[in-house]
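Contents: one structure, followed by commentary.
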Amino acid sequence: MLSEELLEPLQKRIAETDHPRELVVDIMLALQNHHGYLSDQAVEEAARLLDMTPLEIEELATFYDFIYREPVGRFVIHVCDGVVCWMNGYDSVLNHLFKKLGIKPGETTEDGFFTILPTACIGYCDLSPAMLINGRAYGPLTPEKIDGILDRLRSEAPPPRMAR
Amino acid sequence: MPKLKIDGLEIEVERGTKVIEAAARLGIIIPRFCFHPGLGPVGACRVCAVKFEEGPVKGVQMSCMTDAQDGMVVSTTDEEAADFRKHVIEWLMMNHPHDCPVCDEGGHCLLQDLTVAGGHGIRRYLGKKRTYNDQYLGVFVQHEMNRCIQCWRCRRFYQEFAGYRDLGALQIAHHTYFGRATDGQLESPFSGNIIDICPTGVYTDKPSRFTGRRWDFERGPSLCIHCSLGCHIITSARYREMTRLEARFSESVNGYFICDRGRYGFYYTNHPERPRRARIRTEEVSLDQAIQTAAQKIIQINQKNGPKAIACLGSARSCVENQAMLIRFCRVQGWNEPTYFETPTMAKKVKRAVARLDEQLAVSMREIEKADFILAVGADPVNEAPMLALAMRQAFRNEATIVVIDPRPVFLPFEFEHLPVAPDDLEPCLTALIKGAVHRSAAEKMGEEALRFYDTAPAEYPDAPIKNRMVKITQKLRQSRYPVIICGTSIVRETTPDVAADSALLLRAARGRAGLFYLMSEANTFGAALLSSEEGSVMDVVESIEKGSVKGLMLVESDPFRSFPDYERLKQAVDKLDLFLVMDYLPSFAARLAHLFFPTQTLFEMETSFVNQEGRVQFATSAYRGGIPISQISAGGHPLRVFRRDIPGGESQPAWQILAKLANIISLPGREMFSLSKNELWSWIAKEYPIFANVPIADELPDDVRVHLAQGREKLFPSGGQIRSGGLSRENSTLELVMGDWTFGTEELSTYSKYLQQVEKEPCLFMSPKDASMLGLKDRERITLPLDKGRLEMELRIVDTMAPGVIVMPKHRQLAWQKIEKWPVKVAMGQIRK
Ligand code: SF4
Ligand code: SF4
Ligand code: FES
């Protein structure tokens, strides 16, 4: 169940909107932030809040790259999978991440810190090859830069709630 | 109108026609996966590419996305276009499992056809294929997602066309998955259509899975008789068994689709308990023997008690031929005419509706799609006539306003204005809306009668909130260009069909155009009303048996034990009879009690016709020759290795032929003899009922013909001065019981279907929150409902979408509700208890 604290502002926004459906992405993100990912339960909750069916939520949830229907690490690394990054070294960025973290696309590190998700163009061609970690863009990337970023994130953040 | 040339042939089409449709009219079928004439274009699959050689568009383009325009020269055979299509098919086939031999779609698969026709014969892709997990989608539809080519037809039908929200497109790109959020029965009562429209074998018909390829079946055009709409269907039969139903296109009635009640209701014809032999009491005899015995008994009764001592009940599920022959039979014998209706009220309502429908007012179901204002009175489309809900939804998608005045918790798969008012308030609400939208001067112009109707009709809504809600809606009706009134005949008052017709006349006078669409209870209610001249009802017959004036009863495809409100009383009456004769194809209760039983043929075994609620005479061919399904005789093994001339269990005959044979034995010398020719019967019908005169009696499947009584002979505005104002009869201490239909579980024939039985919901009693709180009852509590002749126990459902002052219950197969003395039923409030 959702706490009143979380629910109330959401319900208020929904009540103020003519077409509550328009808020579906916001609601999914809010629930995702709360649960860590958009759990099955969260899909049901979103459906209830917006008077939609779970299927309708699921259609959208599984369409968007930034809605996670499975548990993810504390940091989700969206590696840009767009044409410009392809030209500027996407492959080596990805390979370096795989090697360094010991995981494949869609997987999460044992300690629960990182998930790698290649993502269709993130719009930072000026920083290519680029990646997005929890909403922040990094680039142009080199193996050294990546090491620095990941080490810093790991040392600064508290350990994840649930290691997998 | 744009004129263009396709493959050297010229054609002129209406503006907005797509090139793919223009070509189809020339008989050139351009390959398509995503395009479907019922759903329109979307441009998802790219297989309809053609070459535009001259005109405003040039090069290889999608013919489903391009409007036909003047001066276009199109080639479908152009090399570049053909090569393009070939590669589209190749990439669509890349992940396809190539499992045609074990796929039930094989043989009628569009993907299979086009793969071969498109010239993609050899697989080049050797990589791994993308695979999916299938889902359990319920009783009707088998899911095999690996075969999907992402054409989007299923989702577009399911959500956009039909308005249900539990099947859709999940994931993205080449992972796109069509299914539900979780495993489970599809919620839409139109779900079976995805089987018909999926161009590959993702959705196949589960009950008939692996029973044959298309060419194994005897297939033919037929009609659905599970409600009064009469949708067109295609039957498939094999091994003496009706196996599968699909939708058949009909320009005027159902378009491309049908509902699941229609698709899976036919199993009564294969029912393992279907009586297939004639019987004298419990002893099986030959049909001829039974006819002889019946003739003797009838002659005895006639001699002893006179010709009026035998009564006949026909039914509205019987075809025109059976209904007409029964009437003819009774007339020749000098008996009372057969009765087709349960109560005098029902007879009157239906007859009024039939009398008032004329050529100008009557609209077909497809025309409803074009209405911009729909006003439904006493109608619950999804439950009473499912496909009507889809027609209304198409109007809704074209921005029509839709208002439903009905006490029941009506659900429709789109937004509409519901006025949940008690049955007594239906007419006042309707006339209030009409008077609000039509100026008095319009009535004045139509003459005295119209004015009297206008001036005397009440204009009152039961409460202020409804009244306020109607202000904006009345405004909309005032501006409407094509309003249509839909009027049910089941729960409304006797006068309502007339009020609806008069209202439609006023609307037409005011708006220039208006339509009228009645709903009736069964497939041939309209036919029964046209043919029978008697106002009698089952109730009268029961009374005559009780009085002793009727000694014999003949039922022709009728089971009054289902519909008569007082089971005990009917049973006692039947027990008193000297002769109880039943002709039917159902293992009905009446059939079990019969002294003499005659097995009749179902719709699927005979050439026949039905008149739908719009007055449309429609025709069906026989799907197969009948007999006991081989699967039932051999229990899965090899059928018996014996030769015989007849069809095992194939003794059933059309009821009208049995009647003709019977008549020819009992008729006194000199009386008319009946022939067994259908054409002869039809000439009698045409002679006795001139409105049937232009019904074609061809051997080929004739086109539908509309028959309407009215044609200016009917007195207009008869309901002037008759409409009672609502609320007068509203008492606070009683609740009126309204009995309605459910999509599954109430319609007689389909309740014999083992597949529909699996999706029936448990019967329950609906009550408004207001009444429930007064009684201190809670949702989902089990309650006892006292009726005149006993009590019923069931679950209570409290719903805020229904009228206060009313309780609603389905005439459900699983509910022994026949404990009612007479309609209407009022239940004292305090008597409904936990
Ligand atoms: S499941 Fe069938 S209808 Fe639906 S998208 Fe796939 S191929 Fe088309
Ligand atoms: S709407 Fe009525 S006639 Fe049409 S398929 Fe359904 S049950 Fe049959
Ligand atoms: S039929 Fe034209 S793109 Fe699919």
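Each chain gets a letter, A, B and so on, in the order the sequences are listed, and its residues count up from 1.
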For this session: Kindly check if the number of other-residue, nucleotide or ligand heavy atoms within 6.0 Å of CG (D126(A)) is above 12?
Result: yes
Exercise. By number, which residues in residues 188-200 of chain B have some heavy atom less than 4.5 Å away from chain A?
Worked result: none
Exercise. Is the number of heavy atoms from other residues, nucleotides or ligands under 6.0 Å of E16(A) CD greater than 12?
Worked result: yes
For this session: Using a cut-off of 6.0 Å, state whether more than 12 heavy atoms not belonging to K770(B) lie near its atom NZ.
Result: no
Exercise. Quick one: what part of R180(B) sits under 4.5 Å from any heavy atom of chain A, side chain, backbone, both or neither?
Worked result: backbone
Problem set entry | Sorted by number, residues from residues 50-63 of chain A in contact with chain B (heavy atoms, under 4.5 Å) | D51(A), M52(A), T53(A), P54(A), L55(A), E56(A), E58(A), E59(A), T62(A), F63(A)
Problem set entry | Over 12 foreign heavy atoms within 6.0 Å of NZ, K476(B) | no
Exercise. Does K778(B) NZ have over 12 foreign heavy atoms under 6.0 Å away?
Worked result: no
Exercise. Does OH belonging to Y124(A) count more than 12 external heavy atoms closer than 6.0 Å?
Worked result: no
